[in-house]
K.L.:
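Quick one: structure below, then a few questions.
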Amino acid sequence: MAGGSVARVLVDSPLPQLDQLFDYAVPERFREAARAGVRVRVPLRSGGRIANGWLVELVGTSEYEGRLSELEDVVSEVPLLMPEVWALARAAADRAAGNAGDILRVAIPSRYVRAERAWRAAEPDAGELPARAAPIPGYESGRFEAGIDAGERMSLAADPRPVRLGSGEWVGAWAAILAAAAAHTLAADRSSLIIVPDYRDQEQLQAALADLLDPRRVLRTDARQTGGERFRAFLDATGSDARVIIGNRSTVYAPAARLGLIAMWDDGDGLQNEQLAPGVHPRDAALIRQEQSGAALVFLGHTRSVEVERLVEIGWVHDVPAVKQVKPRVIPTEHQAAPEPGSARIPSSAWRAAQQAIREGPVLVQVARPGHAPLLTCDRCREPARCAACGGALVVPRSGGDPRCVLCGTSASTWKCPVCEGTKLRAATVGASRTAEELGRAFPAARVILSDGERPVLRVGGEPALVVATRGAEPIADGGYRAVLLLDGERMLLRESLRVAEDCLRWWSNAAALASPGSPVYLVGVAGALANALTSWRQAEWASGELASRRALRFPPAVRVASVTAAPALVARALTAAQAAADGVDALGPVPADEGLERAIVRFDYSAGAAVARALRAEMITVSTERRRPVTGRPPKRPSVLRVRFDDPDVP
DNA sequence: AGCACGCCGACT
DNA sequence: GTCGGCGTGCTC
């Protein structure tokens, strides 16, 4: 047989036992079209149904003993699955005991025939490469560039200021830093992948890139494009020209010619969490891809995620310090016992500063998102209810029960209003619009701009305005805000999550970075270590302390975790298998879950990860294969499944 | 998931 | 004797 006459195919199927390559003969009529990376259709179960699949590679001979079936069809001759992306998908899936096909669904957009035809008709035109790029601002001269050239893994703190581009547009300095890094990489004729949490960040990054590069060199892939546009950008990325590819978390899997740099902005942002199975975080995918490709890897943020802190502490990622420590002027502010009239929520010092600042330019007020647990106020006089012990805000826990203090957790089963002596509490749901209304009265002369999740505002001008924004939806202001008020810190801290402190520090830091240099940033109603971390702008130090406490508790990311959900007997068997796979594997639970199922958490060291994943994967296949077994009783027709999820950011 | 194979009970 | 129940196992 001639070389390359056997096609190795990954079949589209959710079944774990089909997550392997199947060999097919290539009939003569497909000899030209059947190239590695094309979409194919293949018969599965002789004469039975036809399945879609990816032609992963062509080999000379098959190891398979039986007779090979033939490829049924080649869907398109255009290869979409690059060999290095296949290697990445396989490794990412294995790490999470998932299907490679599921990763590919995230990695490769669906086909649009029109877009494909237009692409084939077009001449490749990526524009000029940049000449020797300008230095990357903010770091020791040549340090960042040398790291990129050497394929180093780096964690960097971003300059927390807005900067003005040559076009006149204002963006966060981080965007200019990443654009300069991409330009440096492109000047060496190598591609970059830049991953950002959402399109608002992407807009800034794109503006910064447009300042430095031929726009034809920049490809964007995001959910706001039409399917055809997405597919076209993807096809362009498969070409042999070096590019800068920007987009959300799926961009980590993008095809790229001669990859030189993978960069992530704000890896701790919850929007980076992959929702689709098997839920591999793009940070982990980037780490795999870095190792496989030798490209440089950069984590840039105003805060450092605990995950990256761990990588820094084990020496896998290098901390690259900023050359001069620029930091916002953060002023922690306690709640006032007697607030200014007309504004129940803003302490007087911050209120005065805001009034002063708004004469000169925009002022940002950050509030919590609706959906956070409501604060409690006195039912009679509307005075916010505070903890008798420490003065923190009182809230009703989401799980129900007595009100308790956000800060110290003290339960307040009996409460008496210090102002009017009322004893009844009421829930005060304060949304952004209500806050805006309230502030509008306090600042009657000011224009009020509201930006929230539903109607986000991307940017505001440099003229005076009161900008009320829910966290994460803060617009960038031309020239920076003249004052920033972080108003709902207490309420944000209430979220019942292991990561709540880390998240709050990131939300506050990202908002503080929107202030113009020297302008005051008021953190209202929060004290303690977290407030100190913001004030001193030492987020990495805080992450280090947080990691230490997670280590003491054996919580992620100090260890890895996998959740296992199934019928009780299957969970028990899976736990046994996982614990037999490596030393030091322990389990939490099982606890009852929905529909008579149970859920358990397996914890293990990073060194045991591969063995645990392999063991749980084998269990999944066993369960899926021996399905419909009569479980000592009634005939439960439902197919039995073992659900396994690794490194779920929302677990424990 | 589908689908075929196969080894028991009730049928024209 | 055969038709078909669904339990079991495989998919190049």
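Here is how names work: the chains are called A, B, and so on, in the same order as the sequence lines, proteins then strands, and each is numbered from 1.
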K.L.:
Round to the nearest Å and state the distance from Asp23(A) atom CG to dC12(C) atom P.
P.N.:
11 Å

K.L.:
Measure the distance from CD on Gln17(A) to P on dA1(B) and round it to the nearest whole Å.
P.N.:
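Answer to the nearest Å: 9 Å.
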
K.L.:
Roughly how many Å is it from CZ in Arg49(A) to P in dC10(C), rounded to a whole number?
P.N.:
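Checked: the CZ to P distance equals 16 Å.
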
K.L.:
Across the strands shown, which category fits Tyr24(A) at heavy-atom distances under 4.0 angstrom: base, sugar-phosphate, nothing?
P.N.:
sugar-phosphate

K.L.:
Quickly work out the Asp19(A) CG to dC12(C) P distance and round it to whole Å.
P.N.:
16 Å

K.L.:
Using the salt bridge (Lys or Arg N to Asp or Glu O under 4.0 Å) definition, which of the options Glu502(A), Glu307(A), Glu309(A) pairs with Arg550(A)?
P.N.:
Glu502(A)

K.L.:
Please state how far atom CG in Leu44(A) lies from atom P in dG9(C), giving the value in whole angstrom units.
P.N.:
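My rounded result for the distance is 19 Å.
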
K.L.:
Pick base, sugar-phosphate or nothing for Leu68(A), based on heavy-atom distances below 4.0 Å to the nucleic acid.
P.N.:
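Sugar-phosphate, no base atom in range.
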
K.L.:
In whole Å, what is the span from the CG atom of Leu55(A) to the P atom of dC12(C)?
P.N.:
15 Å

K.L.:
Between Asp102(A) (CG) and dA1(B) (P), how many Å, whole number?
P.N.:
14 Å

K.L.:
Is the NZ or CZ atom of Arg603(A) both under 6.0 Å from the centre of the six-membered ring of Phe555(A) and within 45° of that ring's axis?
P.N.:
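No cation-pi geometry.
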
K.L.:
Suppose the criterion is side chain to side chain donor-acceptor pair (under 3.5 Å): which pairs have a residue in residues 285-297 of chain A, not counting sequence neighbours?
P.N.:
Arg153(A)-Gln290(A)

K.L.:
For Leu15(A) and dC3(B), what is the distance between atoms CG and C1' respectively, to the nearest whole Å?
P.N.:
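Rounding to the nearest Å, CG of Leu15(A) and C1' of dC3(B) are 13 Å apart.
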
K.L.:
Can you check whether Phe22(A) stacks with the dC12(C) base, using ring centres under 5.5 Å and planes within 30°?
P.N.:
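No, Phe22(A) does not stack on the base of dC12(C), since the centre distance and plane angle fail the 5.5 Å and 30° test.
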
K.L.:
Would the base of dC10(C) count as contacting Arg45(A) through its side chain, where contact means a donor and an acceptor less than 3.5 Å apart?
P.N.:
yes

K.L.:
Name every donor-acceptor pair, under 3.5 Å, that has one atom in a side chain of residues 575-584 of chain A and the other anywhere in the protein, sequence neighbours excluded.
P.N.:
from, atom 1, to, atom 2, distance (Å)
Thr576(A), OG1, Ala572(A), O, 2.9
Gln579(A), NE2, Val585(A), O, 3.3

